[in-house]
Amino acid sequence: MSLLEVRDLSISFSTSHGLFRAVNGVNLTIERGEIFGLVGETGCGKTVTGLALMGLISSTGRVTASRLSLDGLNLLSTRNWQNVRGRRISMIFQDPAACLNPTFTIGQQLSHVIRYHFHLDSAATHHRAVELLNDVGLSDAAHTLRTYPHQLSGGMQQRVMIALALASGAELLIADEPTTALDVTIQSQILRLLKSLRDKHTLTIILITHDLGVVAHTCDRVAVLYAGSVAETSSTVDLFRNPKHPYTQGLLGAMPRHGTRGKPLLAIEGSLPSGINPSVGCPFAARCPLVMKICRTDNPTLTPTENAHAIACHLY
Amino acid sequence: GKTAAPATQQAVTEAPTAVPAQPAVLTIAYANTFPDIDPSTSFSNDGAVTANIYETLTRYNAPGSKDVLSPQLATSWKASPDGLVWTFHLRDGVKFHDGVPFNSAAVKFSIERTKTLNGGAAWIWGSVNNIETPDDYTVIFRLDYAAPLDLIASSGFAAWMISPSVKDKDGAWFNAGHDAGTGPYMIESYAPGARIILTKFDKYWGGWKAGQFDKVVLEVVEDITVRQQKIESGEADWTLQLPTENLASIGKKPDVKVLINPAFETMVGLFNNKKPPLDNQKVREALSYTFPYDTFIQTSMSGYATQAHGTIPAGMYGSDPSLFQYGLDPDKAKSLLAEAGYPDGGFELTMTYATGDSVEQQAGELWKAELAKLGITLNLQPMAWEAQWDLAKGDPVNAQDIFVMYWWPTYTTPYDFLFNMFHTEETPLFNLGYYFNANFDKLIDDANTLSGSDKAKAETMFQNAAKILVEDAASLFIFDQSSIHIIRSDLKGYVDNPAYSHVVFAYELSR
Amino acid sequence: MKVFTRWFGFRFAPDSIPAHLRRDPLAVVSSLIIMIMILSAIFAPLLTSRAAEGLGEPNPSEKLAPPSAAHIFGADHLGRDLYARVLFGGRTALGMGFLIVFGAVLIGAPLGAIAGYFGGWLDEVIMRVTDVALAFPPLLLAIAIASALGPNLTNAAIAIALTWWPWYTRIVRAQALALRERPFIEAAHVIGVGNFTIIARHILPNVLSPVIVQATLDLGSAILTAAALSFLGLGVQPPTPDWGQMVSTGRIYFPQRWWYVTFPGTAIFIATMAFNLLGDSVQDANK
Amino acid sequence: MALLEVRSLVKHYPVRVGLFSRRQAKAVDDVNLTVNPGETIGIVGESGSGKTTLARCILRMIEPTSGEVIFDGVDLLKLGQSSLRTKRRELAVVYQNPYLSLSPRLAVRDLVSEPLVTHTSLRGDALNDRVVENLEAVGLSADYLNKRSRQLSGGQAQRVAIARALVLRPKLIVLDEPTSALDVSVQAQVLNLLVKLRTELGFTYLFISHNLDVVQHLADRIAVMYLGKVVEVGTTDQVFSQATHPYTMALLAATPEPHPDRKASLVTVQGSVPSLTAPPTGCHYHPRCQWAVERCRHEMPALRLDEDRRAVRCHFPREYFQASKKFE
Amino acid sequence: MLIYLLRRLLLAILVIVSVSVVTFFVARVIPSDPAALYAGQRPTSDQIAAARERLELDQPLYNQYFRFVRDILKGDLGTSYKTKHAILADIKTFLPATLELVIASTLMAIIIGIPVGVLAGAKHGGWLDQTTRILSIAGVSFPTFWLALVLQLFFFGTLHRLFPLSSRISNNVALFNSFPAVTGFYLIDTLLAGNFIAWRDAVWHIILPTLTLATYPISLTLRMTRAAMVETLSEKYITAARAQGLPERDILFRYALKNAIVPTLTVLGLSFAYSLTGAFLVEVIFSWPGLGKYVTDAIFNVDFPVIVAVTLIVTLFFVSINLFVDIIQAFLDPRVVLR
Ligand SMILES: Nc1ncnc2c1ncn2[C@@H]1O[C@H](COP(=O)(O)OP(=O)(O)OP(=O)(O)O)[C@@H](O)[C@H]1O
Ligand SMILES: Nc1ncnc2c1ncn2[C@@H]1O[C@H](COP(=O)(O)OP(=O)(O)OP(=O)(O)O)[C@@H](O)[C@H]1O
Ligand SMILES: [Mg+2]
Ligand SMILES: [Mg+2]
């Protein structure tokens, strides 16, 4: 059985301008122990998808799905999210500086979480905290426990965030752009750390990012999100070797890389459709270079092809 | 909680039962605090406190008594014919609260302390050059100029006899709640701004009778509504300054009595005699005919006041009930204005009054409406008293046109009114209408000298002087204040004495 | 004393404030009340047959008449119709309110902009002065100023404005300080735009909205403070109608003649409440 | 002759640390740089390496501690306020986040016309025409004239910012991470636009980015900065194919390419960027360098210029070049 | 931390000195003659002249100021012109009365305002938020004097003398259950004396004035806390804490409140300092012999030494409270000190 199964997940927000559809019928299946990439441009619904899995969508939002199950546990009927959050699923965010409470020391924050979830005495709590910090590669744990978040560098802050996420013993970690705010050199360290945690602790990770480069080097499987729905999903290798959806192709073509100098990049013209009054048909139709008549009227469904590769496009 | 409330209330009211024999308590609710209870310098409503603790040589009697004065710490006194030497014989066997005997040395000490400190009403002793103490019970005063020392000695301020034992003590010592008097009561406790509790002085020379009060609470209750509540509920035995509109209904209650008596206090609107157009007598007369005396007294005072006959208040020595009164007469005013060259008014006047004084303010508001009918604009300018006074003392040309104020005597003599407000002065202190009239000056000076020896003749002269002021329309003579006190009906022996305004002599009372 | 509401932080307004307000029922109600108050103050003479009394002409025969058909709010101690008095009193209250806030903004805002934008010693000096100004007990200062200048409408307004300006200095300075660091200001600099053009074109428009929010909130407090001064006899002088003054005079007739304090007291409350509600909504919308 | 020549530029920020002491944060430390007319020079480096500070010093938005900035033959740092203002029409800048660098209350028309109004006497229709003309140059139509920046998408807003920068046809445009805040698809639009404008109008760009891929796409030459110092300068090809400084090599290795086949490089960087106020002794990079030896710990290497105008600040550049070759 | 404290202290002293200078000189500018005031109610010219000499008013202003400062440093706040009382003694009487009231109302604000504010902020837009929004805005819109009257009428009139209307203790207690004034705080003095009858009486007397005075700070605290909570709860670290599975109670009262409390404390501190003189309307209406009434009377009497002294005292409170709040802030938020 897959660890996480998401079927027809839709998330909408009531806003002053009307109902905003952030996510429209997303399907995901995540296997135990894999690193699953969720890529897409700003506003395509990556973060809210993650939040929805933890029941953290704000009160103005509405989450619907036909199935939302975590290792057999039906999250849709969950009353007590307290047993899911932290214990089963944890989440870390893009901006570690903003995600650590500035007024408590790292030690205090870690021990709150450990003590709440495991009811340990203070010595055991401390011991566990040190262990966690060592796990995430912070060697001088005793000192780190006594510092306040602002006294740490961005990379260290993100490591602490990861430690906090692991402290509650979750099996699924949702990492929402954990490296976007960091330098490339630090980014590679953090990504390495995530991989090693997956290997050592059989952690399952959903890695949310907008950087295809990160996906290419870190993830086992990937889903490309466009305007709140999955455009294409497959194994990472397959996606990069053989991108099928015009949007995925566009994204790859838009990335400058060695050898693109002097040549124009393949820019996807236009911008994201509005989530408030989405047009009928394929959300990408307005920007698609290969648009057909049917694209403007029918919204394609995610259709599996060979190699567990699925594409939501009328071309396939 | 609701249930706890009555219990506690009960506990509080039950408290007295804890004391074996319940002492008799008199509770007096005043509207103001007692700023200064040093008997030498006190010059405010703190007289209410000092009058129960200290005593004077003579005592001014309430109106209607046989004599103007009666003996207090002095048993008899005499003036020389020229009024320059006064001899007082003192009461024997009087002791101060601290046990020091009262004698001539104490008199000399008291008056000299007062003169030295030179605060408050100390100036009443201004004429005294020298005090001699030929024996323990005789004091001789030698004066620089004639003055009615017997009246002065009865003053409610600066004339208290103080124990010589306090010669090193200053005002702060007194204001910390100490006293040094011969009077029937002593200070038991003092919570500034809240209350003074007096307790009886067992060795008081007058002795004690059953029914007299053991304790007196002088409470400060600034809120007018609360004062009314207190007197109605019996929490206070005596109070003052309730809304005049309520007096009629309060008076109907069986437990409470409303006492209305003349007060030696008058309200005037000093015309600036030095500044056009009020330098013109016709204009001043005209204005005197524009004030709505009756309406004002009815509206603002609910009728508890009387229109003034000149400046000397009704009921006082020197007052003249037959003296001419201006009335509201717009036609007469109009023709007088025409004579003065202002047929249609057309000028503006500024009237200042003390900030927050609602009676003065209403006088202005009502008058303003009348003056408007004659084409005169009255600007109402409330000012802090000190600032108002400063403005008036400055150059008369820039001063206000009309300065509304009250006057009451420090010791009861018409000279106090006539001199202070109308006598020529180099730099006027209270003659702020800048009224200068040499004949008037001479008349009142002579009357003052004479008043020590021939009170009757002096009184006629004072009355004539008051008449001159009315004829000259030197000022707007508005009303004589009534003294309105509200007491519990079961209080016996209470007599209102305007010479000591708002003072309750607790010793005279019983329940 | 009523100055603390200004501690809420401000952010740049992402959306149009009016749109937000339209969706907030309380904002709609309070705006309506304010409109009604402003209109009835302007058209007061048309809304009562006793305009003269409203402006101060005594009518002694009706002294303290209870509410009735002739005097729906009763009459005051000089027999004037309280309804007319309260109606005309609205002119004073609103006038005072606007005068105070306007005065405070006029003093405070430019100082804040200068301090925040130029920084350095100028900032230091201005901020130390506001520190000192804030350290004075405000009502005490207002009382002192009003009693020194002599009690009347303008002086009371000046007195209160003089105790309020530092708040605007702080708000505007904080904004200007933040704005100064913003890339768009630097961008203007690089282009070579002069300091005062930058203040006028780029700083002031962005500072305006928090100032307006604050001013709306302060209008309520201004009316309240002005009423407190009048209550002490330091505000507007009779016969000019003024709510605080009416409550102050009417207090001695309370509770037997309850109407005298009740109507003007309620008027103060409603006016203050309306502005506070509106200010609160504007503030919410500004977040 | 060079259009811009930066000589020994130093910028120290005073920073309060701990109780009583103040230290200097050497944000830009002895930087030398030459920009020739028509060329695009790219500056890369990690966060805090002093890229922005360098740009601001060149534009004289902040006063450098010392050094010279010779622009078009004059030292900008010696100019008085008014001549500086005049000189500024030849310089322009585009920032990272267009929403932050465009006045939120001004319409596109006012934004783009501001430089013209400041420096020319153009007004009225002529002004309007010029604004429209420039908007069209960046691919926007006259429809946008009355919009405010918030009403634009990120790409559109950045185009407005670029229009504003080029409207006076400056000699040098400084681009401080102009695409970092944008999505890849939009970034591609903006990069294409920059290339197009450069070809059509012959601009000189000083292009700052922390993304090596973006820099190589645009720049002719690249300067790599680390902790306030330039550690390597060379043409784009040189830097990419033969990086000589270990830090450059590490950067290249850490930059993830969107291709799953490329194996992760063995060149890694440990630790994070040290504090500017207490930089490491010797070579600033030594604590993170896998090849550091004793000498690196004591001696700060000089920026050495080699035969083909490459410069590198390393004691053993060639050796590591060889070494890195081996790892490929 | 130390340097931060030193700097704050220095600024505080600067403020106090400036305030003393400004009040001192402004007081002299008010058009009025202090000598005449000093000389008494109806002084003679020579009494005024004597007073002028005594008060050394003929000396240059700066001399007067230095004398004033010297006296203060000696612990002598001077003498009232009007009453001739030693001002220090007066303040010892009136300050505790006011402090008792202000502390009581501040405590009420803390006890009611903060928790309710937290809950309202936690569910902002909910019924509690909407209700408290209207109530607290009403609370800051009540004219104090009107509120006092309404409370008096309600509790005394309608509820039949539930609470006394004026003064700090009843006459009966003053007469028969008196207690020594040690601190000047009756609630404490009565306890020190072990006199529970008096203590209950004092409690009973302080309730109405406290309620009147507290309405504003309660509302303010509530609004401030709520606003800060709404803001803090939208911070990412709160979402992160939720994602870690921490219980809501901990998140609200531990994680969020610690970050949200500072503006509330600042405002509460200000409100406290300003109430020391601002409470005078309440003091007048409830015949509460406090500092506000004392200084207001002094202003009406243009009694400079009192005005100057009280302003200084209040300023002292103001800066100390500010300092205190700043220290708490530094204590709560470790980032502050570094600024
Ligand atoms: N509470 C909310 N109320 C209204 N709209 C919301 C809310 N939260 C998110 N949205 C909208 O939902 C859409 C998806 O948001 P989301 O944060 O998931 O995007 P994302 O893919 O994570 O983008 P980014 O890369 O910028 O993080 C966005 O358009 C966002 O504006
Ligand atoms: N005003 C300032 N005061 C003190 N230090 C500053 C100031 N501005 C920048 N710095 C410091 O100078 C260093 C260089 O900053 P700079 O902004 O130039 O870096 P950058 O290379 O542009 O980084 P990024 O990629 O994050 O934009 C940083 O450590 C920064 O903290
Ligand atoms: Mg996101
Ligand atoms: Mg930068």
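Below, read A as the first sequence line, B as the second, and so on, with proteins coming before strands; counting in each chain starts at 1. Excluded from the calculations below are hydrogen atoms, water molecules and symmetry mates; all remaining heavy atoms, backbone and side chain alike, are included.
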At a heavy-atom separation under 4.5 Å, does C/Ser248 approach chain E through its side chain, its backbone, both, or neither? neither
Pairs of heavy atoms under 4.5 Å with chain C: top-ranked of E/Leu276, E/Val319, E/Thr23: E/Thr23
In terms of heavy-atom proximity below 4.5 Å to chain C, should E/Val19 be classed as side chain, backbone, both, or neither? both
Sort E/Val284 into side chain, backbone, both or neither according to what part of it lies under 4.5 angstrom from a heavy atom of chain C. side chain
Contact summary for C/Asn276 and E/Val140, nearest pair of heavy atoms: ND2-CG2, 3.6 Å
For residues E/Pro143 and C/Gly265, report the shortest heavy-atom separation together with the two atoms involved. CG-O, 4.4 Å
Chain C contact via E/Phe317 - side chain, backbone, both or neither, heavy atoms under 4.5 Å: neither
Heavy-atom closest pair (C/Leu224 atom, E/Ser141 atom, distance to 0.1 Å) is CD1-O, 3.5 Å
Would you mind checking which part of C/Val132 comes under 4.5 Å of any heavy atom in chain E, side chain (CB onward), backbone (N, CA, C, O), both or neither? both
Closest non-hydrogen contact found for C/Ser281 with E/Arg133 is OG-NH2, 2.8 Å
Part of E/Thr277 within contact of chain C (heavy atom distance under 4.5 Å): side chain
Here's a test for you: under side-chain contact (heavy atoms from CB on, under 4.5 Å), which of C/Leu217, C/Asp280, C/Thr272 qualifies with E/Ile137? C/Asp280
OG (C/Ser230) and CZ (E/Phe145) are apart, to the nearest 0.5 Å, by 8.0 Å
Looking at CD1 of E/Ile285 and CZ of C/Arg251, how far apart are the two atoms once the value is rounded to the nearest 0.5 Å? 5.0 Å
What are the two closest non-hydrogen atoms of E/Trp146 and C/Thr266, and how far apart are they? CZ2-OG1, 3.4 Å
Measuring heavy-atom distances to chain C, does E/Leu11 have an atom under 4.5 Å in its side chain, in its backbone, in both, or in neither? side chain
Contact winner vs chain E - C/Asp131, C/Ile270, C/Leu134, heavy-atom pairs under 4.5 Å: C/Leu134
Using non-hydrogen atoms only, which part of E/Ala273 is less than 4.5 Å away from chain C: side chain, backbone, both, or neither? neither
Do you know which two heavy atoms are closest between E/Leu149 and C/Phe254, and how far apart they sit? O-CE2, 3.6 Å
